[in-house]
Q: 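Sharing a structure with you now.
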Amino acid sequence: MLQAIYILLFAVLAILAFANLFRSLFSLGIASQRVTQAPAWDGASVPHEPRQPTLHPELLDDRGRLINEPLLVMRQISVEDVRDRLDALYEASPENKGGDSEEPPTAPLA
């Protein structure tokens, strides 16, 4: 009997939560489409026009126009090329001054 009450209360709370969620989404949608009026300096309300969204500078070319091309171009390289590059980076690192050993250096035990 007690479990049925818990299930019933959970169902009621879930219905209330979803109803509140949908009501909030609906009111947010209505508010975002409404033209807002802000008070002017003299106290009268002046309607604001919807502003254009501000674009990030990396999305604009030298003339300020929106670029319409991919920003990330990935090229396919072989696994061997990647391994060679990583090995070269590892060998060139300042921490790898110990020699050509294949094993990474171990930290001394305290």
Q: Considering only residues two or more places apart or on different chains, which pairs with a residue in residues 3-27 satisfy salt bridge (Lys or Arg N to Asp or Glu O under 4.0 Å)?
A: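 For residues 3-27: none.
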
Q: Report the residues that fulfil side chain to side chain contact (heavy atoms under 4.5 Å, CB included) with Leu55, sequence neighbours left out, ordered by chain and then residue number.
A: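 Result, side chain to side chain contact (heavy atoms under 4.5 Å, CB included) vs Leu55: Leu60, Leu66.
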
Q: Quick one: name the residues clustered hydrophobically with Tyr6, using the 4.5 Å side-chain heavy-atom rule over I, L, V, M, F, W, Y, and just say none if it's on its own.
A: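 Noted: Tyr6 shares its cluster with Leu2.
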
Q: If the condition is salt bridge (Lys or Arg N to Asp or Glu O under 4.0 Å), which residues does Glu80 pass it with, not counting sequence neighbours?
A: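 Glu80 satisfies salt bridge (Lys or Arg N to Asp or Glu O under 4.0 Å) with Arg83 once adjacent residues are dropped.
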
Q: Working to the nearest 0.5 angstrom, can you tell me the gap between Ser32 OG and Leu28 CG?
A: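 Output value for this atom pair is 6.0 Å.
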
Q: Under the rule for side-chain hydrogen bond (donor to acceptor under 3.5 Å, both in side chains), what residues qualify as partners of Ser24, not counting sequence neighbours?
A: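 Once residues adjacent in sequence are excluded, Ser24 has no partner under the side-chain hydrogen bond (donor to acceptor under 3.5 Å, both in side chains) criterion.
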
Q: Tell me who clusters with Val79, hydrophobic residues only, linked when side chains sit under 4.5 Å apart either directly or through other members.
A: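 Joined to Val79, directly or through intermediates: none.
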
Q: Sequence neighbours excluded, which residues qualify as salt bridge (Lys or Arg N to Asp or Glu O under 4.0 Å) partners of Arg65?
A: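 Arg65 satisfies salt bridge (Lys or Arg N to Asp or Glu O under 4.0 Å) with Asp61 only.
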
Q: Got a sec, which residues hit side-chain hydrogen bond (donor to acceptor under 3.5 Å, both in side chains) with Asp62, two or more places apart in sequence or on another chain?
A: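 By the side-chain hydrogen bond (donor to acceptor under 3.5 Å, both in side chains) rule, Asp62 matches no residue at all.
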
Q: Transitive ILVMFWY cluster of Phe22 at side-chain heavy atoms under 4.5 Å: who else is in it?
A: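 Reading the cluster by chain and number, Phe22 sits alongside Phe18, Leu21, Leu25.
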
Q: Could you report the tightest heavy-atom contact between Arg85 and Ile77, atom names first, then the distance?
A: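 Heavy atoms only, the tightest pair is NH1-CD1, 4.2 Å.
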
Q: Test question: given the 4.5 Å side-chain rule for I, L, V, M, F, W and Y, name all other residues clustered with Leu16, or answer none.
A: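 Taking Ile, Leu, Val, Met, Phe, Trp and Tyr as members, Leu16 shares its hydrophobic cluster with Val12.
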
